[in-house]
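Because the structure is predicted, anything quoted here is derived from the model rather than measured. Numbered from 1 within each chain, the chains take letters A, B, ... in sequence-line order.
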Number of protein chains: 2
Amino acid sequence: MSTASADRRDIPEATVARLPLYLRALVALDSRGVEVVSSEELAEAAGVRSAGLRKDLSHLGSYGVRGVGYDVDRLSEEISRELGLHHDWSVAIIGMGNLGHALAAYGGFATRGFSVRWLVDEDPAVIGTQIAGLQVIDFAELEKQAPESIIAVLATPPHAAQQAADQAIALGVRSILNFAPCVITVPAGVEVRKVDLATELQILAFHEQRGRDITLGTIEGAR
Amino acid sequence: MSTASADRRDIPEATVARLPLYLRALVALDSRGVEVVSSEELAEAAGVRSAGLRKDLSHLGSYGVRGVGYDVDRLSEEISRELGLHHDWSVAIIGMGNLGHALAAYGGFATRGFSVRWLVDEDPAVIGTQIAGLQVIDFAELEKQAPESIIAVLATPPHAAQQAADQAIALGVRSILNFAPCVITVPAGVEVRKVDLATELQILAFHEQRGRDITLGTIEGAR
DNA sequence: GCGACTTTGTGCCTGTGTTCACAAAGACCT
DNA sequence: AGGTCTTTGTGAACACAGGCACAAAGTCGC
């Protein structure tokens with residue numbers, strides 16, 4: 001009965017990072033015909049703890065029913081709204097090398113609220129070619145076409161990343177997903193998330209090197 | 001003069017996740033001929049704060065010289081050793097769809113301590129074909145060839161990911177980088193890191209939806 | 001209509017990570 | 001050789017995230 005909408009503001013960053021996982025799990029449950037799910041079950045499906053899940057969901061208001069659980073449809077709706085997925089976001093992939101090529105052809109974006117609408121490169125040999133049903137364009141052409149707010153996916157070689165980011169930002173881009181293995185500097189108000197594949201592998205290598213069976217004390221039957 | 005090797009144990013996870021960034025920055029500096037770097041400069045290059053950088057590095061012993069900074073070569077060496085990069089790690093990419101294909105052709109792994117040595121798929125139409133100079137094999141063949149500890153990169157469709165992970169683990173894999181947008185369950189002692197591209201975009205979308213200029217109070221000249 | 005049962009939402013506590021600020025350490029100049 | 005100056009390494013304060021446990025709330029059966 002309290003004003004739940006009051007604390008709609010400032011959802012913790014860690015919670016935001018998990019909302020997509022919950023949504024993914026909810027969509028999977030929905031496609032299996034499940035209509036109601038408990039925090040325990042949803043946490044299992046999303047790979048988190050139930051207490052944390054409940055705390056996360058409490059940040060966007062009370063949509064659970066005590067003694068029953070959460071309505072799958074309703075909760076999907078709320079999370080989608082919170083993430084801003086009620087309209088599709090337009091994505092421009094910048095850099096048509098191996099990775100950019102694969103990302104353009106990757107079908108996993110469309111089902112999750114994103115449509116790849118522009119492929120950008122600066123190599124004249126690539127501009128004009130067709131990839132995954134789209135024509136590769138240059139920045140000048142992107143500038144003409146892009147009216148709304150778009151998200152840029154940077155898949156250039158590292159030495160070209162900063163310049164590409166600058167050009168994108170000049171066009172009004174405020175959200176960048178950076179696959180180039182380098183740091184890019186952006187003005188305040190522009191959000192960058194980075195995905196570095198080799199970095200991920202190096203973190204795994206660290207744990208592999210240290211016998212993890214020693215570090216982790218939580219192995220049950222062992223020893 | 002103190003026994004610095006005593007606290008070599010248990011490096012914080014957050015620090016481990018940043019060591020690859022530092023190494024990347026150091027390699028870049030080295031290639032530009034820089035021999036000594038201060039925490040301030042290195043932090044800038046790695047995109048972190050200098051105080052945090054120093055604390056991170058202190059966890060692997062004192063390799064800095066007060067008043068001067070860090071020897072680039074020496075520090076690269078130490079971080080490499082800590083991450084277990086003195087020998088190359090063998091990587092098997094599992095799932096030869098768009099993404100697996102791109103990862104196989106991606107040149108960025110070799111320079112950072114990893115060599116992609118096996119490409120695995122279960123589709124008979126794909127097995128035997130050549131991708132990026134490697135022949136695609138099935139799990140049975142991988143079992144015959146893989147002696148040492150390897151890292152598996154999962155790039156299968158989500159519905160096939162769990163089974164592929166199980167098979168990899170049965171072969172002795174203890175480190176998995178999962179690109180499939182689903183949760184995979186693994187026994188204790190197996191480390192999984194996940195990279196979900198659509199999730200990253202959704203997190204960006206969240207911030208884009210909320211005017212970030214409102215949320216962030218740290219904009220200087222704005223307003 | 002009432003009691004028992006299930007499950008949520010949340011207050012508290014613990015541990016982890018981050019930032020600040022400064023003393024110790026060493027280089028460099030004179 | 002001594003003083004100054006730069007930069008590290010770290011103690012202490014702070015913020016954040018995660019886990020536990022339980023009261024509140026609502027359902028379901030009788």
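We find that CG of A:D71 is positioned 16 Å from C1' of D:dG26, with the value rounded to whole Å. Distance CD (B:E13) to C1' (D:dA17): 15 Å, rounded to an integer number of Å. Rounded to whole Å, the distance from CD on B:E44 to P on D:dT7 is 15 Å. A straight line from NE2 of B:H59 to P of D:dT8 spans 17 Å, rounded to a whole angstrom. Atom CG in B:L57 sits about 13 Å away from atom C1' in D:dT10, given to the nearest Å. Look at CZ on A:R74: it is 15 Å from P on C:dT8, rounded to the nearest Å. Rounded to an integer number of Å, the gap from NZ of B:K55 to P of D:dA13 is 13 Å. Rounded to whole Å, atom P of D:dT8 lies 16 Å from atom CZ of B:R49.
Residue-environment remark: CD (A:E40) stays at or below the threshold of 12 foreign heavy atoms within 6.0 Å. For B:R49, the CZ atom counts as loosely surrounded, since its 6.0 Å shell holds 12 or fewer non-hydrogen atoms of other residues, nucleotides or ligands.
Distances shown here put a side-chain N or O of B:S62 below 4.0 Å from the OP1 or OP2 atom of D:dG9. The phosphate of C:dT18 (OP1 or OP2) has a side-chain N or O of B:R18 nearer than 4.0 angstrom. Close to D:dT7, at under 4.0 Å from its OP1 or OP2, lies no side-chain N or O of B:Y63. OP1 and OP2 of D:dT7 both lie 4.0 Å or more from every side-chain N or O belonging to B:S39.
As judged by a 4.0 angstrom heavy-atom cut-off over every strand, A:E40 is placed among residues making no nucleic acid contact. If you check every strand for non-hydrogen atoms under 4.0 Å, A:G64 touches sugar and phosphate atoms only.
Using modelled atom types and a 3.5 Å distance limit, the side chains of B:S175 and B:R193 yield no donor-acceptor pair. Side-chain atoms of A:E13 and B:H207 form a donor-acceptor pair, as typed in the model, at a separation below 3.5 Å.
Side-chain atoms of B:Q202 never come within 3.5 Å of backbone atoms of A:L83 as a donor-acceptor pair (strictly under, hydrogens ignored). Using modelled atom types, one side-chain atom of B:Q162 and one backbone atom of B:T185 make a donor-acceptor pair closer than 3.5 Å. Looking at B:D88, its side chain never comes within 3.5 Å of a backbone N or O of B:S115 through a donor-acceptor pair.
Checking C:dG9, D:dT27, D:dG18 against the side-chain heavy atoms of A:V68 singles out D:dT27 as nearest. Nearest to the side-chain atoms of B:S58 among the listed nucleotides D:dA17, D:dT10, C:dA27 stands D:dT10. Picking from D:dA17, C:dT7, C:dG17 the nucleotide with the shortest atom distance to the side chain of B:P12 gives C:dG17. Comparing D:dT7, C:dC20, D:dA17 by their nearest atom to the side chain of B:A51 picks out C:dC20.
Comparing A:T15 and A:V65 against DNA chain D, the residue whose closest nucleotide sits nearer the 5' end is A:T15.
Taking all atoms of both residues into account, the shortest heavy-atom contact from B:Y22 to B:A46 is CD2-CB, 3.8 Å.
With hydrogens and angles ignored, a donor-acceptor pair under 3.5 angstrom links the side chain of A:R66 to the base of C:dT8.
From one end of the helix from C:dG1-D:dC30 to C:dT30-D:dA1 to the other, with five pairs defining each end axis, the axis direction shifts by 20° (rounded to 10°).
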